[in-house]
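Reviewing the structure listed below.
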Amino acid sequence: MIETLYSLTIIFIDLIFEVTTCYSKSRDYASHVRLVSCLNGKNHVPIFDNKVGYPTSSQRCKRQKWLHSEDQALRYQCYSILNFQTHIVNIQRIVSSPPGRQRLYTLGKFLRNRYSSLLPETYHFHDVNITSSDLDRTISSALCLLGGLYLPQSYDEDPSCDIVAPIIPVHSINMNNDMWIMFKKDCPKYAAELDNMRLEKYNETLALGMSFVYTYLTKYTCQRIASVTDVNRVHTALLTQKEHGYPPPEWATGPQYPQQQIEYIGALSFYARAYDHVQKRLAGGPLVTKIIDSMVAKRNRSLEPDYKMLLFSGHDTTVGIMLQTLGYDKLVKPDFGSSILFELHSIHNQYYVKVFFKPSGFSNHMIPLQFPNCHLPTICTLDEFIAVNQPWRISLEEWQQECAI
C-alpha cells in the first residue's frame with residue numbers, strides 16, 4: 001500500500017504572556033487577571049510577583065467594609081485610579097514568556113520532524129499559509145512556531161537565546177469579522193445559547209455540591225466569583241503564574257485548596273461553549289467548513305495556491321470548541337501550546353482523513369480522534385469525513401441568518 005501525506009491543517013494555542021489588567025468597580029472579572037489576596041485581613045498581595053515588572057503606579061487598593069453574612073468583614077478591592085467611571089480599563093504590559101516561546105518553538109520542531117517528507121526545509125510561499133486571530137500574542141505564537149519549523153538548530157543548543165522568526169507572512173483576521181478562530185464576530189443567537197449553557201453548567205456544579213468553590217475563591221481573590229467562567233479565569237491566572245516560575249499564593253496550596261473541583265469547573269467552562277447542536281454549528285461550524293473546503297479543493301487540484309500546510313494560530317477556546325464539534329467527548333481544559341492536527345492522506349488515489357489532538361506543546365503524545373461512522377474509527381475517507389461533519393458545515397449567508405435571534 002502506497003500512502004502519501006497530501007496536506008496538513010493545524011490549529012494551535014497561543015503562548016503565554018504576562019498581562020496586567022486594572023478594573024473599575026463595575027467589572028469583577030477578566031482573563032489572566034491580576035488577582036488580589038486578602039488573606040486574614042492582611043495587606044493585599046498580587047497573585048503575580050511584582051518582580052515580573054508589572055506597572056503598579058496605576059493601581060491602588062482601597063479598603064472597604066463589606067457585609068459578609070451577618071458580620072462586617074474588611075476586604076480589599078483593586079481599582080484603577082485612572083478612571084473610576086469606565087466599565088473596564090486595561091493597562092497591559094505584554095511580554096511573551098520564555099516557557100511560552102519554547103513551547104511553540106518545540107511544537108514547530110515536532111512538525112518539522114513529523115512532516116519532513118511533506119514540507120521542504122526552505123520556505124516557499126505556496127507551501128504554508130498561516131492565519132492568526134488579530135492579537136499580538138497569537139501572531140507572536142505563530143512566529144515562534146515558524147522559527148521551530150524553519151530555523152536551524154541554534155536555538156536548540158542555547159534555549160536562552162531569542163527566537164528570530166523567519167521572514168514568513170502571518171495573516172490575521174480583523175476581530176470584528178472573526179468567525180473562525182476567536183469567534184468575536186457578532187452572533188446574538190450564539191451569545192444567548194452560551195449564556196444559557198454557562199448558567200446550566202453553574203447550576204450543575206451547585207447540584208454536585210461545589211458551591212463552596214465559588215465562596216472560597218470569592219473570599220481569597222476579593223472578586224465576585226459566580227460562574228464557571230470566573231473559576232476558569234482564576235485557574236488560568238494561577239497556571240500562568242506557575243508557568244513563569246512563581247510560587248502560588250498561600251490560599252492556592254494545601255489541603256484546603258479545592259484544586260480538583262477548580263480544574264473540573266474550569267474544564268466545564270470550555271464544555272459550555274460548544275455543548276449543543278446550535279453552538280457547534282455557529283461556533284465550530286465556520287472553521288470546520290473552511291478545513292473541509294480546503295481538503296476538497298486539494299483533492300480536486302483546485303486549491304490556489306496549492307498549499308501543503310495550513311496553520312491557524314488561535315486560543316484555548318478555539319481548540320476546545322473544535323474538539324467538541326468533532327465529537328471528542330472527554331472533559332478537557334486545553335493546555336498552552338496544545339493543538340489539533342488534520343491530515344489528508346492519499347492511498348492508491350483515494351483520500352483519507354486522520355485527526356489528532358496533541359495535548360501539550362512539549363510532549364510528542366497525540367490522541368487520535370475517533371469517528372464511529374467511518375469504516376475505521378480513527379481514519380475516514382474524505383467523503384465519510386464530510387458526511388460525519390455535514391451538520392456543522394455552514395456558509396456565511398447561513399451563519400448570518402442563523403445568528404439572528
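As the structure is a computational prediction, the values presented were derived from the model and not from experiment.
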(request) Just say parallel, tilted or perpendicular for the rings of Tyr220 and Trp251, cut-offs at 30° and 60°. (result) parallel
Supply the atom-to-atom distance [X] [atom1] to [Y] [atom2], rounded to the nearest 0.5 angstrom.
X: Lys201; Y: Leu206; atom1: NZ; atom2: CG; answer: 13.0 Å
X: Thr138; Y: Ile181; atom1: OG1; atom2: CD1; answer: 7.5 Å
X: Thr205; Y: Ile265; atom1: OG1; atom2: CD1; answer: 5.0 Å

Listing request: all salt bridge (charged side-chain N to carboxylate O under 4.0 Å, His left out) pairs with a residue in [range], at least two apart in sequence or in separate chains.
range: residues 110-119; answer: Arg114-Glu343
range: residues 318-339; answer: Arg103-Asp335
range: residues 391-405; answer: Arg281-Glu398, Arg281-Glu402, Asp293-Arg393
range: residues 360-384; answer: Arg299-Asp383

(request) Tell me yes or no: between the side chains of Thr131 and Asn129, is some donor less than 3.5 Å from an acceptor? (result) yes
(request) May I ask you to check whether Ser172 and Ser132 show a side-chain donor-acceptor distance below 3.5 Å? (result) no
(request) Only counting residues at least two apart or in another chain, list the ones meeting side-chain contact (heavy atoms from CB on, under 4.5 Å) with Ala297. (result) Ser302, Leu303
(request) Applying side-chain contact (heavy atoms from CB on, under 4.5 Å), name anything that partners Pro188, two or more places apart in sequence or on another chain. (result) Asp186, Cys403, Ile405
(message) Would you say that Phe183 contacts Tyr190 through its side chain, given a criterion of any heavy-atom pair below 4.5 Å between the two side chains?
(response) no
(request) Report yes if some heavy atom in the side chain of Ile394 is under 4.5 Å from a heavy atom in the side chain of Leu282; otherwise report no. (result) yes
(request) Quickly, which of Thr9, Val319, Ile10, Thr318 forms a side-chain contact (heavy atoms from CB on, under 4.5 Å) with Ile340? Name it, please. (result) Val319
(message) So, applying side-chain contact (heavy atoms from CB on, under 4.5 Å) with Tyr150, which one of Thr122, Ile167, Leu119 is it?
(response) Leu119
Exercise: identify the closest heavy-atom pair between [X] and [Y]:
X: Thr106; Y: Gly361; value: CG2-O, 3.6 Å
X: Gly337; Y: Leu104; value: CA-CD2, 4.3 Å
X: Pro305; Y: Phe125; value: CG-CE1, 4.3 Å

Would one find more than 12 heavy atoms of other residues, nucleotides or ligands at under 6.0 Å from atom [atom1] of [X]?
X: Gln390; atom1: CD; answer: yes
X: Asn349; atom1: CG; answer: no
X: Gln256; atom1: CD; answer: yes

Per the disulfide (SG to SG under 2.5 Å) rule, what does the pair list look like for [range], sequence neighbours excluded?
range: residues 290-350; value: none
range: residues 346-377; value: Cys374-Cys380
range: residues 261-318; value: none
range: residues 269-322; value: none

(request) Output yes when Asp306 and Lys298 qualify as a salt bridge under the 4.0 Å nitrogen-oxygen rule, no when they do not. (result) yes
(message) Strictly below 4.0 Å, N to O, side chains only: are Asp127 and Lys308 in salt-bridge contact?
(response) yes
(request) Apply ring pair (Phe, Tyr, Trp, His ring centres under 6.0 Å) to Tyr214 and Tyr202, showing your working. (result) CA-CA 10 Å; Tyr214 303 95; Tyr202 170 72; 4.9 Å; yes
(message) Going by the rule ring-ring contact (aromatic ring centres under 6.0 Å, His included), which residues pair with Phe371 if we only count those two or more places apart in sequence or in a different chain?
(response) Phe385
Please report, to 0.1 Å, the donor-acceptor pairs under 3.5 Å made by any side chain of residues 266-273, with sequence neighbours excluded.
unit_1 : atom_1 : unit_2 : atom_2 : d
Ser269 : OG     : Gly266 : O      : 2.5

